[in-house]
Engineer: 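Below is the structure I would like to discuss, written out as structure tokens.
Order of the sequence lines fixes the chain letters, A, B, ..., with proteins taken first and strands second; residue numbering starts at 1 for each chain. Because the structure is a prediction, the values reported are computed rather than measured.
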Amino acid sequence: MSTQLSKQELQHLIAKRVAKELKGPCTVNLGIGIPTLVAEYLDDDQVYLHTENGLLGVMDVEEDKIDPNLVNAGKLPVGEAIGSSFFNSADSFAMIRGGHVDVAILGALQVDERGIIANWAVPGKNIMGVGGAMDLLVGAKKVIVTMNHTSKDGQSKILKECTYPITSTRSVDMIITELAVFKVEDKQLKLVELMPGASIEEVREKTEANFIE
Amino acid sequence: MSTQLSKQELQHLIAKRVAKELKGPCTVNLGIGIPTLVAEYLDDDQVYLHTENGLLGVMDVEEDKIDPNLVNAGKLPVGEAIGSSFFNSADSFAMIRGGHVDVAILGALQVDERGIIANWAVPGKNIMGVGGAMDLLVGAKKVIVTMNHTSKDGQSKILKECTYPITSTRSVDMIITELAVFKVEDKQLKLVELMPGASIEEVREKTEANFIE
Amino acid sequence: MSKIKQQVEDALLCVKSGQTILVGGFGLIGAPLTLIDGLTKKDVKELTIVSNNLGESGKGLGILLNQNKIKKGIGSYFTSNRDVGDKYQKGEIQLELLPQGTLAESLRAGGAGLGGYYTTTGVGTNLANGKEERDIDGVTYLFEKAIRGDVALIRAHKADRLGNLVYYKTARNFNPLMATAAKTVIVEVDEIVEPGQLDPEEIVTPHLYIDSIILAQQILTKEGVVAR
Amino acid sequence: MSKIKQQVEDALLCVKSGQTILVGGFGLIGAPLTLIDGLTKKDVKELTIVSNNLGESGKGLGILLNQNKIKKGIGSYFTSNRDVGDKYQKGEIQLELLPQGTLAESLRAGGAGLGGYYTTTGVGTNLANGKEERDIDGVTYLFEKAIRGDVALIRAHKADRLGNLVYYKTARNFNPLMATAAKTVIVEVDEIVEPGQLDPEEIVTPHLYIDSIILAQQILTKEGVVAR
């Protein structure tokens, strides 16, 4: 099915699906990668985007208005919405850790069947960066993970157990891939939706983790 | 000697002597009572006054410019100097506790012969208020205590040991009364100056604590 | 979905008996006088009030005190209202006294999702009784727990319709901290403006902290508390 | 007694080998590029650098890294400079990785005179290895120590002559925290103004934190780092 779509198109497909989950008023932190694309599909003007490097009120920026000192967590240029505010990194993470951010959209390397994710380190490689991932996982009221269903070599990234170091002991709330949408309920994965063109057989085949259909 | 002067005049005498200790550039927190009067005798425009309720840059205010929302720690109206800044209470005490305030001028009920003070509670009475006293004692680089040498009934307030609950285990640096100026060195009081009109005999008589002359 | 409430009673709907209420202000300066006034007219009791002071005698939180609606006060300086001492003597109120910097820091910690922290303030004093001491790099610190509330009642100068806040001079004090440390946060302000009218660099409390906004009807003047 | 320095070398006189230096910025955004450039020209070594990143390859702190002047890096995201990994592989640099919120909070704690604090971030992960866990009201927290430096090199937008600072958009990041957490604090700015020209309500870093001020000579543009 989805083999017809390019990698980029699949990422946009995921981002578009995530956007449907975001009903304002709410504050949403967008992680690096696919999550960043979500901004393009938001149509609710009461969804306020938070970036951990110190801005509430992120929006797209036109090429000619790029300011090198106005960026998101991925260091990509952004714009500032009306009603936005700037703050320092301690205040920004106080918002996150303190439970004041409603939703975090994160990428992941692996998810296990309890909804626990690994997204910051790969065994055998130097552990060099964690950024705000651990803070977002303990702090955001709801966490939605976006990821490709399988790795480049076709292995399932939704596993019985993560083989990479976990980011938090907290289960995420939702996983959206190019094939399926899972909710995590009582530490179990529940398939709630097939993405356009995906079949239940394909999801079963490409998902190592147990899940409720 | 000093019996000719009114209580108020004696307080101003003390405040004037304190002011001589303050050489800019420095940041000084003025406590409630006699310390407040010190502001009147400052002639160094690089002495910046901090008030713990959230202002760096305190100055006197004229009667007709009083703003009920611009006050010092004693809730008395103040003015704001050029170059002043406002901040919240956590930030204000971060300045104090973090060692960013150079000098604190405090009142005291008692001082012991090691320079440890009691200034927040009286045994037998309800312990109802501490305010910023304990924070200032742990945080200010230098602490100068201003006080009347004796209580209303003539008892020495500079004692071998405090009978009231102490404010901190930290010794203050200097004690200025209407009779004398003491420095605290190696946890011992050292008389360094007699105030105008005071005699060494009177200081000896009215000081219970041992001190080096 | 507007955060702006016309009636104080509506703004205070969330307040229930037995809750912990954070109340901004340093004495009456920066206190949410309209919201406090609303509480005095509401049927609630057994409140735990976290505030630097419990108002003044018969003013601000002092009215709530005299109505016996306060079960416990947590603050740094109750001396400025003599009624507190009287109630305390009669066993009609519990008090928890904290150094002012500890009160402020505990509120900030509560808002920032921290469990507690180590401070030098109070070490070796009576206020350290029952609290854990810990040596960190040769310095003795005291463990203090974070403080959180069910509701925060705060005072700001201006709000935009989203709930972004700026404050006024020394009326700022505990308000921005309390804005972060309660499940529901209600602010009263002098003026409500449109989004975009507050400079993004100047906003002290971003809107994600604020649930309800009302215009102040009781304000502090040189002559005392007056209706606006 | 002016805090304003004309020469970068003068501002950096306080920096000595073996010290812990706090360096503001999120990557190159809000990094004190002029002061970092000054450090690359100064004969110092064995520095411990506390900064979210160690610059980019050959840019900002990345130059200092390639000069082997950094003994240890403490930060949250070293991945953005691939040279860090190479040095680490060769055993030429020590690294301490902290969650970004923990890095920020530890700096704030250092500046505020706290010994440490309890955070939920990192509990149950590899970054909790060797760190104390504690249950507070049924929640598991991790103990994190405060961070302080000998010198902080920071970037602001404007300073007045006293040292009051305001920042610019997302170039604020770690700078105001680092301004509080070092014995000596040096700031580089786009503009130096007279006292009174910054609104007292808008000042983010009050002057008591600042020791030296210089005008930025290396700035970040869309085209990269350029001399001004």
Engineer: I need the residue from B:Thr167, B:Leu136, B:Asp135 with the largest number of non-hydrogen atom pairs under 4.5 Å to chain C.
Structural biologist: B:Asp135
Engineer: Sort out for me which of B:Gly131, B:Gly132, B:Gly54 touches chain C most, counting heavy-atom pairs under 4.5 Å.
Structural biologist: B:Gly131
Engineer: Please look at B:Ser84 and chain C and tell me whether the side chain, the backbone, both or neither of the residue comes under 4.5 angstrom of a heavy atom of that chain.
Structural biologist: neither
Engineer: Name the member of B:Asn88, B:Asp91, B:Ile66 that forms the most heavy-atom pairs with chain C at distances under 4.5 Å.
Structural biologist: B:Asn88
Engineer: Taking atom CD of C:Gln100 and atom CD1 of B:Ile96, what is their separation to the nearest 0.5 Å?
Structural biologist: 8.0 Å
Engineer: Atom CZ in B:Phe93, atom CD in C:Glu105: separation rounded to 0.5 Å?
Structural biologist: 11.0 Å
Engineer: Tabulate, in ascending numerical order, the residues of residues 101-110 of chain B having at least one heavy atom closer than 4.5 Å to a heavy atom of chain C, or enter 'none'.
Structural biologist: none
Engineer: With side chain to side chain contact (heavy atoms under 4.5 Å, CB included) as the criterion, how do C:Leu95 and B:Met128 come out once you've worked through the C-alpha distance, each side chain's angles and the decisive distance to 0.1 Å?
Structural biologist: CA-CA 8 Å; C:Leu95 295 177; B:Met128 307 284 297; 3.8 Å; yes
Engineer: Give, as side chain, backbone, both or neither, the part of C:Asn52 having an atom under 4.5 angstrom from any heavy atom of chain B.
Structural biologist: neither
Engineer: Checking the side chain of B:Arg97 only, and the main-chain atoms of C:Thr119 only, is there a donor and an acceptor separated by less than 3.5 Å?
Structural biologist: no
Engineer: Among C:Gly73, C:Pro99, C:Ser80, which has the most heavy-atom pairs under 4.5 Å with chain B?
Structural biologist: C:Pro99
Engineer: Hey, is CG on B:Asp186 packed in by over 12 heavy atoms from elsewhere, all under 6.0 Å?
Structural biologist: no
Engineer: Under a plain distance cut-off of 3.5 Å, with no hydrogens placed, do B:Ser89 and C:Asn173 share a side-chain donor-acceptor pair?
Structural biologist: no
Engineer: Give a yes or no on whether B:Phe87 atom CZ has more than 12 heavy-atom contacts from other residues, nucleotides or ligands under 6.0 Å away.
Structural biologist: yes
Engineer: Select one option (side chain, backbone, both, neither) describing which atoms of C:Leu107 are under 4.5 Å from chain B's heavy atoms.
Structural biologist: neither
Engineer: A quick test of your reading: do over 12 heavy atoms of other residues, nucleotides or ligands sit less than 6.0 Å from CD of B:Glu161?
Structural biologist: no
Engineer: Sort B:Thr169 into side chain, backbone, both or neither according to what part of it lies under 4.5 angstrom from a heavy atom of chain C.
Structural biologist: both
Engineer: Crowded around B:Lys23 NZ? As in, over 12 foreign heavy atoms under 6.0 Å?
Structural biologist: yes
Engineer: Any chance CD1 of B:Ile82 has more than 12 other-residue heavy atoms, nucleotides or ligands included, within less than 6.0 Å?
Structural biologist: no
Engineer: Quick check on C:Arg82: does its CZ atom have over 12 non-hydrogen neighbours (other residues, nucleotides or ligands) under 6.0 Å away?
Structural biologist: no
Engineer: Should C:Leu127 and B:Trp120 be marked as a side chain to side chain contact (heavy atoms under 4.5 Å, CB included) after you check the CA-CA gap, both sets of side-chain angles, and the distance that decides it?
Structural biologist: CA-CA 11 Å; C:Leu127 292 191; B:Trp120 68 286; 3.6 Å; yes
Engineer: How many angstroms lie between atom NZ of C:Lys169 and atom CD of B:Glu80, to the nearest 0.5 angstrom?
Structural biologist: 3.5 Å
Engineer: Do you know which of B:Thr51, B:Leu55, B:Ile166, B:Asn53 has the most heavy-atom pairs under 4.5 Å to chain C?
Structural biologist: B:Asn53
Engineer: For C:Val123, is it the side chain, the backbone, both or neither that has a heavy atom under 4.5 Å from a heavy atom of chain B?
Structural biologist: backbone
Engineer: How long is the span from the CG atom in C:Leu142 to the CE atom in B:Met134, to the nearest 0.5 Å?
Structural biologist: 10.0 Å
Engineer: Relative to chain B, which segment of C:Phe26 carries a heavy atom at a distance below 4.5 Å: side chain, backbone, both, or neither?
Structural biologist: both
Engineer: Taking every non-hydrogen pair under 4.5 Å, which of C:Asn126, C:Leu220, C:Leu177 racks up the most with chain B?
Structural biologist: C:Leu177
Engineer: Any chance CD of B:Gln8 has more than 12 other-residue heavy atoms, nucleotides or ligands included, within less than 6.0 Å?
Structural biologist: no
Engineer: May I ask you to name which of C:Thr102, C:Thr120, C:Leu97 has the most heavy-atom pairs under 4.5 Å with chain B?
Structural biologist: C:Leu97
Engineer: Counting N and O atoms only, with roles assigned by atom type, does the side chain of C:Thr170 sit under 3.5 Å from a partner on the main chain of B:Val71, one being a donor and the other an acceptor?
Structural biologist: yes
Engineer: Going by side-chain hydrogen bond (donor to acceptor under 3.5 Å, both in side chains), name the pairs with one or both residues in residues 65-77 of chain B, residues two or more places apart or in two chains.
Structural biologist: B:Asp67-C:Tyr168
